[in-house]
Amino acid sequence: MPASLVIEGGTPLRGEVWASAAKNAALPLMCASLLTDAPIVLENVPDLADVATIQKLLEGLGAEIGDEGSGRLTLRTERLRSHEAPYDLVSTMRASVMVLGPLVARSGRARVALPGGCAIGLRPIDLHLKGLATLGAEIVLDQGYVEARASRLRGGRIHLDPVTVTGTENLMMAAVLAEGTTAIENAAREPEVEDLARLLEKMGAKIHGAGSSRIEIEGVEALGGARHRILPDRIEAGTYLVAGAITGGDVTVRGAIAHHMPAVLEKLEEAGAILEVGSDTIRVVGPDRPRPTDLVTAPFPGFATDMQAQMMALLGLADGESVITETVFENRFMHVAELRRMGAQIVTEGNRAVIRGVPRYLGAPVMATDLRASASLVLAGLAATGTTVVSRVYHLDRGYERLEEKLGKLGASIRRER
Ligand code: EPU
């Protein structure tokens, strides 16, 4: 039986909590280590299932990974032993496709399983492949695998539509070793893309404009080693802010960077939370009852789709009607049916969810379907009257480090049951 979380709701959370380093930065940063034979030292690496998966993948490709404790990993791939990302790893974690760019750039060859769909939508990788083809790679699909080959990639002009985060990261990692200059237009502007560019620059890459929608990369012959501290997780930080708000508590999140989450902070304030923003801390004081507000998910700096489910849990308790429109993924409302089991009144029509706030949730057994959906169920459970049991917590372990310990320190009654 997979583990569950048992939550006794109703306690306002109080105190301080640290945001760990960002999962969605750690994964591309680890993949970037494939671009050099020199060591890459990453500090602050979060202890997460997805990090363990990428570690296994990189080791299969020839990386030696030393764990020096306190979250410090040294990754070194002196020689590539394989150029294949197998289906069992790619199917457990789509981010595995981010070895494609570095492998082709370094060795001229990659074979990566096609990820297929997942709970939140179809999630194709056509733009990753088109971009690589623009850089001169020959792409062949063979028995569920993508094979990419190039003697040496050459710079080119790539336009991404829609904006893709891992696509931008994959292509940036491919372009750093290409011959000539690459422009990535309509690039993702997420802070994690900027963090990857920072590491690549330390390794010797020439990148301009990361963090804006046009990134220019001048290819270099080779990259060297570097040391890098991973940026804090804005989605984890946002989740703890909602935990403070939804329980009517008073929570300070350390390692929360306000300009990494402008839209989430704006919506929390519209929902009646009082925020105090410091240089790397944010304090939230929850309202007696949230106010309704509408939101539309969008690429950064818009409202993050990765915070949509958590915000829905909060708005489900608002004094009035809210509308959430999901524009990034076509099927990211799996949490709605589970929130309804706790008494929420939410109806969905296509990519819109209409939420009629109820005064309280009632604890219930619920099932997690994906990482952020699971987080929303935990948040609803913290606010609910009675006991909530969230099953399939392995989804949460992919992206939240020591969740029950951190929430427990804030006063939540939450325990893991196997
Ligand atoms: N898309 C395409 N073609 C492509 C690539 C993407 O049509 O080749 C579409 C997708 O189907 C989607 C949209 O573009 O509709 C945006 O997807 P994107 O590629 O940006 O998503 P991703 O890079 O696969 C990352 C995060 C996700 C996060 C999204 C959106 C990582 C490892 N994952 O995924 O994080 O939801 O960006 O911000 O960075 C999570 O942490 O729970 C998570 C799912």
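Numbering of ligands and ligand atoms starts at 1, following listing order.
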Enquirer: Kindly indicate whether the side chain of Arg154, heavy atoms from C-beta on, has any atom under 4.5 Å from the side chain of Leu135.
Expert: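 They are not in contact (no side-chain heavy atoms under 4.5 Å apart), so the answer is no.
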Enquirer: Only one of Thr388, Leu382, Val393, Leu339 passes side chain to side chain contact (heavy atoms under 4.5 Å, CB included) with Leu377; say which it is.
Expert: Leu339
Enquirer: Only pairs under 3.5 Å count here: list side-chain donor-acceptor contacts from residues 304-318, not counting sequence neighbours, and write none if there are none.
Expert:
| unit_1 | atom_1 | unit_2 | atom_2 | d |
| --- | --- | --- | --- | --- |
| Thr305 | OG1 | Glu326 | OE1 | 3.0 |
| Thr305 | OG1 | Glu326 | OE2 | 3.2 |
| Thr305 | OG1 | Arg332 | NH1 | 2.8 |
| Asp306 | OD1 | Arg332 | NH1 | 2.8 |
| Asp306 | OD1 | Arg332 | NH2 | 3.0 |
| Gln308 | OE1 | His335 | NE2 | 2.9 |
| Gln308 | NE2 | Glu326 | OE1 | 2.9 |
| Gln308 | NE2 | Arg332 | O | 3.0 |
| Gln310 | NE2 | Thr239 | OG1 | 3.2 |
| Gln310 | NE2 | Asp306 | O | 2.9 |
| Gln310 | NE2 | Tyr400 | OH | 3.3 |

Enquirer: Does any donor atom in the side chain of Lys406 or Ser20 lie under 3.5 Å from an acceptor atom in the other side chain?
Expert: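 The criterion, which ignores hydrogens and geometry beyond distance, is satisfied for Ser20 and Lys406.
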Enquirer: Polar contacts were defined as any N/O atom of the residue lying under 3.5 Å from an N/O atom of the ligand; does this apply to Asp126 and ligand 1?
Expert: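 Between Asp126 and ligand 1 (N or O atoms, distance only) the closest approach is under 3.5 Å.
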Enquirer: What residue and heavy atom of the protein are closest to atom 43 (C) of ligand 1, and at what distance?
Expert: Asp306 OD1, 3.4 Å
Enquirer: Considering non-hydrogen atoms of the protein only, which is the closest contact for atom 8 (O) of ligand 1, and what is the distance?
Expert: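 Here the nearest protein heavy atom works out to Leu127 N, 2.7 Å.
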Enquirer: Does Arg332 come within less than 4.0 Å of ligand 1, judged by its heavy atoms?
Expert: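 Distance cut 4.0 Å: Arg332 passes for ligand 1.
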Enquirer: What verdict does the salt bridge (charged side-chain N to carboxylate O under 4.0 Å, His left out) test give for Arg198 and Glu201, after you've listed the backbone C-alpha separation in whole Å, the side-chain angles of each residue and the deciding distance to 0.1 Å?
Expert: CA-CA 5 Å; Arg198 269 197 293 269; Glu201 280 167 356; over 6 Å; no
Enquirer: To the nearest 0.1 Å, how far is atom 4 (C) of ligand 1 from its closest protein heavy atom, and which atom is that?
Expert: Pro124 O, 3.1 Å
Enquirer: Does some non-hydrogen atom of Pro162 fall short of 4.0 Å from ligand 1?
Expert: yes
Enquirer: Please tabulate, for the side chains in residues 411-418, all donor-acceptor contacts under 3.5 angstrom to protein atoms that are two or more places apart in sequence or on a different chain.
Expert:
| unit_1 | atom_1 | unit_2 | atom_2 | d |
| --- | --- | --- | --- | --- |
| Arg415 | NH1 | Glu417 | OE2 | 2.7 |
| Arg416 | NE | Glu404 | OE2 | 2.5 |
| Arg416 | NH1 | Asp397 | OD2 | 2.9 |
| Arg416 | NH2 | Asp397 | OD1 | 2.9 |
| Arg416 | NH2 | Glu404 | OE1 | 3.3 |
| Arg416 | NH2 | Glu404 | OE2 | 3.3 |

Enquirer: Could you check atom 21 (O) of ligand 1 against the protein and tell me its nearest heavy-atom contact, residue, atom and distance included?
Expert: Phe329 CZ, 3.7 Å
Enquirer: List ligand 1 atoms under 4.0 Å from Thr305, heavy atoms only on the residue side.
Expert: 30 (C), 36 (O), 38 (O)
Enquirer: Would you check whether Glu330 reaches within less than 4.0 Å of ligand 1, judged by its heavy atoms?
Expert: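 For ligand 1, residue contact (heavy atoms, under 4.0 Å) with Glu330 is absent.
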Enquirer: Which atoms of ligand 1 sit under 4.0 Å from any heavy atom of Lys23?
Expert: 40 (C), 41 (O)
Enquirer: Below 3.5 angstrom, do we get any N/O pair linking Leu371 and ligand 1?
Expert: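 Min N/O separation from ligand 1 is not below 3.5 Å for Leu371.
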Enquirer: Give me the residue, atom name and distance of the protein heavy atom closest to atom 25 (C) of ligand 1.
Expert: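 That would be Val165 CB, 3.9 Å.
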Enquirer: Of all the atoms in ligand 1, which lie at a distance below 4.0 Å from a heavy atom belonging to His128?
Expert: 8 (O)
Enquirer: Is it the case that ligand 1 has an N or O less than 3.5 angstrom from some N or O of Arg372?
Expert: yes
Enquirer: Given the rule in the salt bridge (charged side-chain N to carboxylate O under 4.0 Å, His left out) test, do Arg214 and Glu185 qualify, once you have shown the distances and angles that lead to the verdict?
Expert: CA-CA 5 Å; Arg214 186 186 156 89; Glu185 295 170 356; 3.2 Å; yes
Enquirer: Looking only at protein heavy atoms, which one is nearest to atom 15 (O) of ligand 1, and what is the separation?
Expert: Val328 O, 2.5 Å
Enquirer: Is there side-chain contact between Ile125 and Arg94, with heavy atoms separated by less than 4.5 Å?
Expert: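 They are in side-chain contact.
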Enquirer: Compute the shortest N/O to N/O distance between Thr166 and ligand 1 and return yes if it is under 3.5 Å, no if not.
Expert: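 The answer is yes, given that Thr166 and ligand 1 share an N or O pair closer than 3.5 Å.
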Enquirer: Strictly distance-based, threshold 3.5 Å: is any side-chain N or O of Arg106 a donor or acceptor partner for the main-chain N or O of Leu34?
Expert: yes
Enquirer: What is the closest protein heavy atom to atom 19 (O) of ligand 1, and at what distance does it sit?
Expert: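 Going by distance alone, atom 19 (O) of ligand 1 is nearest to Thr164 OG1, 2.7 Å.
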Enquirer: Return a yes/no value for Arg123: is any of its N or O atoms, backbone included, closer than 3.5 angstrom to an N or O of ligand 1?
Expert: yes
Enquirer: Are Thr74 and Glu68 linked by a side-chain donor-acceptor pair shorter than 3.5 Å?
Expert: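 A pair is found: one side chain offers a donor N or O, the other an acceptor, under 3.5 Å apart.
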Enquirer: At the 4.0 Å heavy-atom cut-off, does Val163 count as touching ligand 1?
Expert: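 Checking ligand 1 against Val163, which is what was asked, there is a heavy-atom contact under 4.0 Å.
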Enquirer: Hey, are Arg111 and His83 close enough side-chain-wise for a donor-acceptor pair under 3.5 Å?
Expert: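 The answer is no; no qualifying pair exists.
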Enquirer: Any idea which protein heavy atom is nearest atom 32 (C) of ligand 1, and the distance to it?
Expert: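 Its nearest protein heavy-atom neighbour is Asn24 OD1, 3.3 Å.
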Enquirer: Would you tell me whether Asn170 and His128 have side-chain atoms, one donor and one acceptor, within less than 3.5 Å of each other?
Expert: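 Looking only at side-chain atoms, His128 and Asn170 do form a donor-acceptor pair, the distance falling under 3.5 Å.
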